[in-house]
Amino acid sequence: MKNYQPPSFLESVNENFERAAAVSGIPKGLLAQIQTCNSIYQMNFPVKIGNQYKVVTAFRVQHSHHRLPTKGGIRYSIHVNQDEVMALAALMTYKCAIVDVPFGGAKGGVKITPWKYTEEQLERITRRYTTELIRKDFIGPGIDVPAPDYGTGSREMAWILDTYQTFNGGEIDSAGCVTGKPVNQNGIRGRTEATGRGVYYGLVQLLSYADDMKEIGLKTGMAGKTLVIQGLGNVGYYTGKICQEEGDAKIIAVSEYEGAIHSPDGIDVDKLYKFRQKTGSIMGFPGTTNMKSREQALELKCDILIPAALENQITMLNAKKIKAKIIAEAANGPVSADADAYLRDKGVIIVPDMYLNAGGVTVSYFEWLKNLSHMRFGRMEKRFNQNTYTLFAEKLEAMTGKSITAKERRMLTKGADEVDLVRSGLEETMVTAYDQIREILRRKKSVTDLRTAAFLSALNKVSSDYMNKGIFP
Ligand code: NAD
């Protein structure tokens, strides 16, 4: 391992693509068209920081125009480079296809360390980046729709929206130019937690198949499963919180930038999150032991390891030490292609990123639809349903002579709110997509892992789009 250099993120994505392409039966030329990035825009712009000008390098990559708009998050990190943004944009195309979100894939990246800037400086950088996108027609509700990713959140999306609307006054659908916005600024309830909630629904579906679980020596169901989480940001925090609160899972270790903590009795992730907000670190959280390094947590014996930070966290440098039975790729590209092959051979189930973390783009799609319809989900039918269900409950009581408790009445007669509909749509999406992938894995003898099956699901859908256009008969 002395001179070992893990494959780059883009190399891993391409290697995984080619493994699936080889068994897809799709013509070579069409595969090449699907694989290539359609548009790549690198920009270097000046931003005044203090008394000086700083040149900021940034990217927007539109991987596939087979469907429009294109869609994908914006990452703020000093490690951003063109290859990384291309890899992330490609994953977005496959991700959207897998969960039947009718967009092409895209991704953006700004090469900065966000916490080194004040809020005002970040706003200036974000607004300038948006202006560059507008100048080149790289943003718009029907063109390309960004969203949050590593290092960005609803605050940045609000700045993007405001900048876009400043330049496009009167464009009626302008709110759909970006998703992941604050709820009071044309956002949607349930978007912030969406990726983590999608990870939860995906895992619940995986864990529901007794035959598949038997093969790795696990019982069905989330309850009591031991989890290790890497990264307590948006995705990691909500995944942990929802697995714990709704699935009754036990989080035995958490790894963050500053180190890792461990407790065989379980860690209350909500309290840990607040503790980190207060102290700036997860280290020393009451009832836990500090581990030697942040990497050590990944090597703990557990049922499910959830990398939710960045790419290339599990490579041949540590793959042999991984003891988890399931690796749930909440982050994009956390397992390099060579480590993936090694772990697959060892019988580890790897739930691939392009399926498992698709909850974010799914709810972004709902937000975009809400923006185009100019109306909150549930507004038309909520009261109507509530009145109908109330009448039904009263009739039931009268017919049976038995009374319904106040709690049961609340449950029975509730009309769906926006957040209820978002969660229901997300669950339906994750369950259906998992079953499609599992069906490919079961039926196709040449496919032996979930990632290749997920790729095939995506390739079948994207290639049929091209064929329907008559471009590749
Ligand atoms: P985030 O910035 O909110 O959180 C990432 C966290 O990881 C941070 O707290 C950071 O300190 C931590 N971290 C960084 N390096 C680490 C390391 N070596 N060890 C342990 N912790 C480390 O980002 P996020 O939005 O949660 O994104 C995380 C991953 O999920 C990325 O790969 C992103 O592309 C992917 N993703 C995000 C979304 C979304 O909706 N935000 C959707 C799909 C996929």
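Here the structure is a predicted model, which is why all the values come from computation and not from measurement. Counting starts at 1 for both ligands and their atoms, following the listed order.
Looking only at protein heavy atoms, the nearest one to atom 14 (C) of ligand 1 is Tyr150 OH, 3.3 Å. For atom 40 (O) of ligand 1, the closest heavy atom belonging to the protein is Thr195 OG1, 2.8 Å. Nearest protein heavy-atom contact of atom 2 (O) of ligand 1 is Gly151 N, 3.1 Å. At the top of the distance list for atom 11 (O) of ligand 1, counting protein heavy atoms only, stands Glu256 OE1, 2.7 Å. From the protein, the heavy atom lying nearest to atom 4 (O) of ligand 1 is Gly233 CA, 3.2 Å. Protein heavy atom nearest atom 15 (N) of ligand 1, with residue, atom name and distance: Tyr257 CD1, 3.6 Å.
Every atom of ligand 1 is numbered from 1 in the order shown, and the set under 4.0 Å from a heavy atom of Gln313 is 18 (N). Which parts of ligand 1 touch Gln230 is read off a 4.0 Å heavy-atom cut-off, strictly below it: atoms 19 (N), 20 (C). Distances below 4.0 Å separate heavy atoms of Ala330 from the following atoms of ligand 1: 30 (O). Applying the 4.0 Å criterion to heavy atoms of Arg191 picks out, from ligand 1, the atoms 40 (O). Contact atoms of ligand 1 toward Ala308: 28 (C) (distance under 4.0 Å to a heavy atom of the residue). Remark: ligand 1 atoms within the under-4.0 Å shell around heavy atoms of Gly231 are 7 (O), 21 (N).
Checked by distance only, ligand 1 and Arg75 come closer than 3.5 Å through their nitrogen or oxygen atoms. Residue Asp149 places at least one N or O, backbone or side chain, under 3.5 Å from an N or O of ligand 1. Of the polar atoms of Val235, at least one N or O is found under 3.5 Å from an N or O of ligand 1, judged by distance alone.
For Asn44, the side chain to side chain contact (heavy atoms under 4.5 Å, CB included) partners are Gln42, Val55, Thr57, not counting sequence neighbours.
Ligand 1 has at least one atom lying under 4.0 Å from a heavy atom of Ser255. In this structure, Glu311 has no heavy atom closer than 4.0 Å to ligand 1.
Of the charged side-chain nitrogens involved, none lies within less than 4.0 Å of a carboxylate oxygen, so that Asp465 and Lys461 do not count as a salt-bridged pair. Salt-bridge check for Asp449 with Arg19: passed, with a basic side-chain N closer than 4.0 Å to an acidic carboxylate O.
His66 and Ser64 form a side-chain donor-acceptor contact under 3.5 Å, judged by distance and modelled atom types alone. A donor-acceptor pair shorter than 3.5 Å cannot be found between the side chains of Asn357 and Thr195. Thr126 and Glu156 share no donor-acceptor pair across their side chains, judged by distance under 3.5 Å alone. With hydrogens and angles left out, the side-chain atoms of Gln35 and Asn14 include a donor and acceptor closer than 3.5 Å.
The option from Ala331, Pro334, Ala309, Gly196 that lies nearest to atom 28 (C) of ligand 1, judged by heavy atoms, is Ala309. Considering Asn332, Asn234, Leu310 only, the shortest heavy-atom separation from atom 1 (P) of ligand 1 involves Asn234.
Two rings, from Tyr365 and Phe103, have their centers less than 6.0 Å apart. No close placement of the Tyr41 and Phe59 rings is indicated, their centers lying 6.0 Å or farther apart.
Side chains of Val269 and Thr239 form no contact here, defined as non-hydrogen atoms less than 4.5 Å apart. In this structure the side chain of Lys107 never reaches within 4.5 angstrom of the side chain of Gln62, judged on heavy atoms.
Cation-pi geometry between Arg197 and Tyr238 is not satisfied (NZ or CZ under 6.0 Å from the ring centre, within 45° of the ring normal).
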